[in-house]
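What follows is a short report on a single structure.
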Amino acid sequence: MLPYRLALAGGWIDQPFVSAHNPEPPGSMVVVSLEPDREYMDRSGLATSTRATAAKLWGATLPGRDPAALVRELYAEENRGKDAPSGSQDMAGLVYPGISRLDYDARVEGGVFPSRVESTTDPAVVSWLEEVVWLIPVAPRPEGYDPLGEKNLDPEWVRWLGRSGRECYAAILARNVVALGASLNRTMACWEAILPRTVRHPALSTDLKSMLEDYQGWHPGAMYSGCGGGYLIVVSENRVAAGLKIKVRTR
């Protein structure tokens, strides 16, 4: 019964080593809590490892307590003893229902937790997002894959990454498919600029860059669910072949 988490525009701004370079804080990203209406692939950027930690910590359902406190509790358990902790957007996307904009500011708690969270479970907005988002299974990220082998943390690209999350959330509230697609495309451009190995890596057997460009050319926007592949998230008002629909958790 535990949800999954889908990350849209702005991903990586939740990591302090990225947000510390943002000249325009806070930077934002968007997460969507998904109903567990299917079993999603592991190692595909849908917070499956964090979900497994939540199951060990809380059992089959989320506790009915303050979401911010649950995020911190789950973050501590997930990252216990880790030299490179995962970002707190994984936990926030599981815990907060609906569609959420997470703001990250390195000046607030070192950028580890969101400085602000804004969420919506508006039925009209949720229904619209479910209609225009399609997930195309590509492949889990392979063993030995590390997206952090090369970093070019240029402040201007980090600025645009943080802006893409704000643009994404505004587009969702306005139900603007063109603006939503543009925010996803911008995020992928930022990823490739600041962390080139997110789409190009010797361990990858799939040409992620070419596939991404094809779908971005055919539809308003596309991005990967996680570094190294996972699912290709495509935004389109028209049916996308082989695309899976999502079900947003609003409870």
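Here the closest non-hydrogen pair linking A222 and Y215 is CB-CB, 4.1 Å. Scanning all heavy atoms of the two residues, the minimum distance from R166 to G27 falls at NH1-CA, 4.3 Å. Across all their heavy atoms, G11 and T187 have their closest contact at N-CG2, 4.3 Å. When all heavy atoms of M29 and A7 are compared, the closest pair comes out as CE-CB, 4.1 Å. Of all non-hydrogen atoms in T120 and Y169, the two that sit nearest each other are N-OH, 3.5 Å. The heavy-atom pair separating A9 from S183 by the smallest distance is CB-O, 3.7 Å.
Although no hydrogens or angles enter the test, the distance criterion places no donor-acceptor pair under 3.5 Å between the side chain of K247 and the main chain of D37. Without hydrogens or angle criteria, R51 side chain to P3 main chain gives a donor-acceptor distance under 3.5 Å.
One finds the CG atom of N152 at 11.0 Å from the NE2 atom of H21 (value rounded to the nearest 0.5 Å). Between the CG atom of L208 and the NE2 atom of H201 there is a distance of 11.5 Å, given to the nearest 0.5 Å.
For the pair L244 and W134, the minimum side-chain heavy-atom distance is 4.5 Å or more. Looking only at side-chain heavy atoms (C-beta outward), R72 and E109 come within less than 4.5 Å of each other. In this structure, V234 and Y231 have side chains that are not in contact, with every pair of non-hydrogen atoms separated by 4.5 Å or more. Taking 4.5 Å as the limit, every side-chain heavy atom of R43 sits out of range of all side-chain heavy atoms of P142. Residues P16 and V112 have side chains in contact (heavy-atom distance under 4.5 Å, counting atoms from C-beta outward). Counting only heavy atoms from C-beta outward, the side chains of D207 and K209 approach each other to under 4.5 Å. Taking the side chain as every heavy atom from C-beta outward, N22 and R159 approach each other to under 4.5 Å. W58 is listed as a side-chain neighbour of R65, based on a closest heavy-atom distance under 4.5 Å.
No side-chain donor from either of D14 and S19 sits under 3.5 Å from a side-chain acceptor of the other. Side-chain contact of R249 with S33: a donor-acceptor pair under 3.5 Å is present, judged by distance alone. Side chains of T53 and E77: a donor-acceptor N/O pair is absent below 3.5 angstrom, by distance only. Inspection of the S100 and S119 side chains reveals an N or O donor paired with an N or O acceptor under 3.5 Å. In this model, a donor atom of one side chain and an acceptor atom of the other lie less than 3.5 Å apart for S28 and D103.
Following chains of ILVMFWY side-chain contacts shorter than 4.5 Å, one cannot reach W160 starting from I13, and the two form parts of different hydrophobic clusters.
Other residues, nucleotides and ligands place more than 12 heavy atoms under 6.0 Å from the NZ atom of K82.
Checked against the 6.0 Å centroid criterion, the rings of F113 and Y75 qualify as a close aromatic pair.
Of the residues listed (L6, I99, V235), the one engaging L129 in a side-chain contact (heavy atoms from CB on, under 4.5 Å) is I99, and it is the only one. Each of T50, I246, L34 was checked for a side-chain contact (heavy atoms from CB on, under 4.5 Å) with Y4, and the lone residue meeting it is L34.
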